[in-house]
Amino acid sequence: MSIDARPAMRSTGVGTSPRRLGIFARRRTANASAVRARATAGERVLKWGPLAALALLCMFFAWRAERFATVDNLKNVLDQSAVLSIATVGITFVLLLGAIDLSMEGIMSACVMVGALLVMNSRNANDWGLFAVIPVVLVGAAFGLANGLITTRLKVPSFMTTVGMSAVGLGVAQLLFDGDQPRVLDRPLRAWAIGRVFGFTRATLVAVVCIAIGVVIQRHTRLGRYATAIGSAEDIVALSGVNVRRYKALAFALAGAFYSIAAVLLFLKQGTGNDELAVNVNFAAITAAVVGGTLLSGGQGGVLQSIVGVLIVKVLENGLLLLDVQPALQRAVQGVIVVGAVVAATWPLRHRLRVVK
Amino acid sequence: MSAAVPALRLEGISKRFGAVQAITDMTFEVRRHEVVGLLGENGAGKSTLLKILVGLVEPDTGTMYRDGQQVRFRTVTAAADAGIGMVYQEQSLVPSLTVAENILLGCEGHGVNAGVFRWRKLRELAQAQLDKIGSNIPVRAVTSQLTFPQRQMVEIAKVLSIEERTAFDPVVLLDEPTSVLDGPDVAVLFEQIERLRERASVVLVSHRIEEVMAVADRIYVLRNGVVAAERRPTETTTDELRHLMIGREDTGSHFHAERQADCADTPRLEIVGLSSAHFHDVNITLRKGEVVGLAGVQGSGREELCRAIFGALKVDAGEIILDGEKVKARSPRGAVQVGIGYLPAERRTEGMIGTMSVAENMSLATVGTVCRGPVLDREREKRVVDDWIERLRIRTPSGSVPMRQLSGGNQQKVVLARWLMSGDLKVLLLDHPTRGLDVGAKSEVYALVRDLAANGVSLLVLCDGLDETIALGHRVIVMRDGEVSAEFAAVRDAKPRPDKIMEHML
Amino acid sequence: MHSRTMKRLTAGMLLVTMTLAACGSDDGGDAATPSSAASTSAAPATDAPATTGGSETTTAGGDDTTAPAGDACAPEDVVLIGQVRDETNPYEKSWLDGGDEFAASVGLEQKRLTYGDDSTKEQDQIKQELSSGNTSCYVLNILPNTEGDTKPIADAAKEAGAFLVTQWNKPADLAVEDYDRWASHISYDGVESGKLIAETMFHAMGGEGGIVALQGGLATTAAKDRFAGLQEALAANPGIELLDEQTANWSQAEALTVLQTLITKHGDKIKGVWTANDGMALGAMEALDAAGMSDVAVVGIDAVPEAVTAVADGRMTATVSSDGPWQGGVGLAIGYCAAIGEIDIASLTADNRAFYANQTLITADNAADFATPSVDLTEFDCANVFNRVSGPLG
Amino acid sequence: MTATATVVVPPKQRRELDALRRFAPVLVLVGLVIGLTLKRSDFLSIGQQQQLVESAAPLLVFATGMTVVVMCGGIDLSIAAFAGFASLWFARFVPHLGIGALVAVMLLGAAIGTVQGVIHVKAQIPSFVVTLGGLALWAGLALLQDKPSILIASNSSVLALDGRLVGVPRLAILAGSLALVTGLLMWATPVGRWVRAVGSNETAAYLSGVPVVATRIAAFAFCTMCAALAGCMVAIDQTNGSPGTGRTQLLPTVAAVVVGGTAITGGVGGVGRTVVGVLIVKVLGTGLSIIGIGQKWENILYGALVIVAAALTIDGSKLTVVK
């Protein structure tokens, strides 16, 4: 019971105490804005820190590695980032939910094989050309949807669902592979895929389009906004009458669709269908997303942040190679720098009572 | 439809959760444009009633009428479609979304076309809702950057948005809306309730009898799952309502003022020039067996001071001296080891561990006392815990029950017992020890405070209400903008007046 | 809630049990397991094999064997098992196919096992196979995943009294002669193959210019040996400059990325790309294609079908064949001949217990002969199984 | 959300349900074993069981360490990579230290786990990220040597660990003892409570004076120490250490912990459950390949069974939010 509220109401009535309330309000606002300023300082670091790290890395490599800052090399980095970028756009939606997706390699392998067997290839008489993208995307989305449905309906944590689904995807890829690697014989299609526009490879352009689509979905559609909301406060969203399970499942399906597009690029770039092309993509994508500021706890970050992370990872890879770092050391150095970057980016957020898992 | 038809009527509602009969044959009515107050102790059935109204829980028996038509809500959405919405006690806005999105979350209407947001339209729709309550909170703002009272306003606007989905005048349920607000914000809220009355019916649930008396047109008092009484504020008194709620006669000694013991002159805890980001150069001395009430509005730094003394917050300068010795280890663990305890305000998120048992929660801080060497002595633990369960009259089947299955008051007692268990407790910092407790449980906590002080423990107490602060304390220290602004003696028969204290808070 | 959970549990249990019971229907066992780097083959380390004395005199059938010493198995009692990493690898698939052809020629069936680049799984499989029944007529033809796996496998075979042939991976100081029923270890001289393709490439380049090298996974002997071969060739050809060496972990995808970067780094100076296997060579060719560099020589090792085609087309300069189908067949053949008593393991010469087999350089001239993998069954006659020995490990 | 009124379920029914849930992993294991025995009658033979137990030993060691970290609410992705790194140093130390090499490498593991834990706790970055970096670092550093593997001399005393004691593989006894001791420590000392408190509600634990920082760091130290031990065990079995030792064991380890019934979100679980989880994963993984199902389908079936096993053993009803 509060004496501090009651006298005002009892004696003078609620409506007649604006003067005092005014004082209160001002004091409160001043205080709140102080809190706000602190919060945004942290948020700003989270938002711009990765970009600053990317800039620093680029500057360092430009200074130390003579070929790094050439137009050709930078275009190369973009080309090499294409597949990972698209896959990372996909996983970003799952991470925004606060879930995780470890099925990327399985789904991509399955999609690679489906795609390679549908375009003109050395194994069968199919010749779907670019139309092969449609069934491939459907396959990817179906895998993702299965992830989502199992996670939401059977209440299996996404970690386990997707570990299992990855094995299923790999299994499907191996069934389709059947010991005979299909070569892509559709020359025009391949030429299109590896061709360049204004010096940028088409893979780069496809990636840019995918990123743009990802940004639009994340920022301007129910699916994207709800995914973020679910990641930060799932129970609240459910209480507002949103069908949380549906949007979760859809986010997984969307991720699967993005993986499948990455898979199409992958086999077109390689010219063959192989169940091993997607090895290591999964951890790379998660690393990129986290380094970029799409945190595993959900609700934070987004497509663009994740892409900054992709560029950090790829620039690092490229720069270390150009720097003549001993091959065995390159991975070790990457690991150290990734941890260092995250430490630096989130250092100002530290607080005694902060819980980080 | 005639105005005589109530906006909402429940007849013969019963709800049973397993062995517990939560509500029995309850009849409840909300008339149009009426503010209904709902009073009751924890466990009286308020929460269940609200959940039934808002579609979270379906009653076992009974019928509901909305504007005279029989209805049945299976989901929150169904209730919303019938114009019933709730402002939750713990706020229910998504921090990362904008105000506009939060207001229209789940029912964007024309704000979304084929899954794609039409931001301008969405903001217009949201603005319309905010206009209803005359709020000038920007719809583009990200919710996490709003103050707590601002967010509550957004919630009210959100609830009002169901108006557009239905032909009914909305019914707005406010669940303990004032429990975490300071005085002035309560006033703003009540102003808002007056405004709501013009377009909606309001059900207000609160522990604070005076508040309900101030705004409600009609008051229901619930006890043990039935309506114990229905009153108009003009026809009743606070005391009567309190009696009705607890069904006992002993409310006169609510604060157990007669048990306030005199305290010794020996200083126990000296805070010397303590400074941090939230407060500056604070000097406070607690004597042995003394209760000091710490008053201040939100942002005065008193909560932070508590945490800093306990070592949970970084300090920039200053010293903490306990029984003449400087406290070196600045961490909660260090504080516990020298005999300082702390009861956080947020019981559920900071005070207890819901998945762990009552016994484990109780012995968490002083687990060493129930160990034989490094090994837990479960027998001894059980004895000690059972003893405390009995002494504090904690209602639990046994000490091995998960903590989350207890009611709020009993949980709070367990958390308190955690500190009482330690034989050498010297200082206890109580941050809103009675928040969310019903009248009976509050009174028991007050009694505990008296006992502790009488046993020589020094207490620093932060409360929501000034009357509590004044009644409990030997002294009241006021903080403003991170500094001590005044100090009042508050011995048993010479309590300071609240308005005097208030002057120094602002 | 109660009954729903119950139902879910019971249904799930049934499902697990039934799936397991049901999916045994096809016992044939053609294999498919998780991925591995393309053709992670490995040859022995450079140290000379420490063939300590005494082993030659060990009589067949030591204390551990369950079958009476010297007792030959009836041919129809022999159980043939072939194990490789992955059937998705064309080379390893052809291995098992060769094994099948041999098995069919003696009226048996080969059990095909794959372990998907997972050492734990490989050993589990073998130990499970050998952990029950009378295993003294089992014949194993195994591709150990890494050097580290060879000894546990040999020990398991010894304990079970099974006949064993291993290929590619064996630590130098592990002596085949210490085991009664470990008939042979077959490998290929990685230094030689690395050198062969390097020299062919240098020749194609006209003896001068810059090259880059893509190594295999750095943890394998094969990668190190093959690269040593390249270095030997480089020493003999001062006109050739090694611009850069990187690892692409045997992976086609990684090779493409790495070479792309190397192309920006060194540009037109690159006249040749030496890779430690064909998978990386294929990736490298894609990178060169994309960069419009058509006249760069590319060489690899393993003779996977795609690479052989590329060599035949002139897109690739050379590769080296170890002849997978032969490996798959001959390994089983040696064990089979030993099991039925045609070969007495104890009296085999050291050269036949652990040896390098012949490998063939494939260039545009002879690529057509290798277009389709095939076996010559007469090579699997007990008298001919050691015909391809080129020399002792070393 | 609202005054989250205590979920009231009649106590008796709830107890039954909890009991059923608790034993779900065991039931799944029994179901699997029955299924396998129907298919291959000698699955329960001594030889098969010895083999199963032996091959489960390193996984159990990995999983015991991981259980503690997961119960704290964290995860350690670096264990498999570190096991490879550790096996190399183990092989290197054996000639000088004999059996002491095992202790040395475990100490090294504990030290490195401490470092990872300190970075995680002090810099407040998710354990997922720290250990992901660790994964890259240890995998990379393990490659920095001339030889692909280092042999443990065959006369070395440590290889005696590879034998059997009255029919039970010694390594399995070692692993079992570790799990037992860990389980006992968690049950009989306050450490178990601290771990669960940290995993369920770290803030409350901190404000109760629980040594949160020390608990977390110790969990990571212990986990990496277990990884080191597991690496040594594999090295002993293979008689050499190599960078690839244990490389594939990360996901099976996490799967074993979770399938056993330890919540990936922390707070709930135990080493005993993990033992069952390890057996489920092992029986699944090796069982599928020995009963000779069409091996093309093996991966697909494995994936499906992992999901089914998880769905059966994880108590979804207790999780308000499944992530």
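Labels below follow one simple rule: chain letters A, B, ... track the order of the sequence lines, proteins then strands, and each chain is numbered from 1.
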- Looking only at heavy atoms, which two atoms of A/R190 and C/E286 are closest? And how far apart?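 Distance-wise, the nearest heavy atoms are NH2-OE1, 2.6 Å.
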
- Query: How close do C/T247 and A/P327 get, heavy atom to heavy atom, and via which atoms?
  - Reply: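 Smallest heavy-atom distance, with atoms named: CG2-CB, 3.8 Å.
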
- Query: Between A/N76 and C/Q260, is there a donor-acceptor pair closer than 3.5 Å when you use the side chain of the first and the backbone of the second?
  - Reply: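 Here the side-chain-to-backbone pair exists.
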
- Query: Within the distance-only criterion (no hydrogens, no angle test), does the side chain of C/K265 pair as donor or acceptor with the backbone N or O of A/L321 below 3.5 angstrom?
  - Reply: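 Checking the backbone N and O of A/L321 against the side chain of C/K265, a donor-acceptor pair under 3.5 Å is found.
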
- Item | Side-chain heavy atoms of C/T261 within contact of A/R67, under 4.5 Å |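 C/T261 vs A/R67: side chains apart.
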
Report the distance from atom [atom1] of [X] to atom [atom2] of [Y], rounding to the nearest 0.5 Å.
X	Y	atom1	atom2	result
C/L256	A/K269	CG	NZ	6.0 Å
A/Q80	C/T264	CD	OG1	7.5 Å
C/Q252	A/T272	CD	OG1	4.0 Å
C/T257	A/E317	OG1	CD	7.0 Å
A/Q181	C/K93	CD	NZ	13.0 Å

- Using non-hydrogen atoms and a 4.5 Å limit, figure out which bit of C/D97 sits close to chain A: side chain, backbone, both or neither.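 Interface part for C/D97: neither.
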
- Task: Under 4.5 Å heavy-atom distance to chain A, tell me which part of C/T309 shows up: side chain, backbone, both or neither.
- Result: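 Side chain only.
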
Could you tell me which portion of [X] (side chain, backbone, both or neither) has an atom closer than 4.5 angstrom to a non-hydrogen atom of chain C?
X	result
A/Q326	neither
A/D324	both
A/E105	neither

- Message: C/D86 vs A/Q174, test: side chain to side chain contact (heavy atoms under 4.5 Å, CB included). Steps then yes/no.
- Response: CA-CA 9 Å; C/D86 249 314; A/Q174 285 164 353; 4.2 Å; yes

- What residue, out of A/N73, A/I194, A/T201, has the most heavy-atom pairs lying under 4.5 Å from chain C?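 Looking at each option in turn, the highest pair count goes to A/N73.
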
- Item | Residue pair A/E276 / C/S251, side-chain donor-acceptor N/O under 3.5 Å |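 Checked: A/E276/C/S251 side chains show no N/O donor-acceptor pair below 3.5 Å.
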
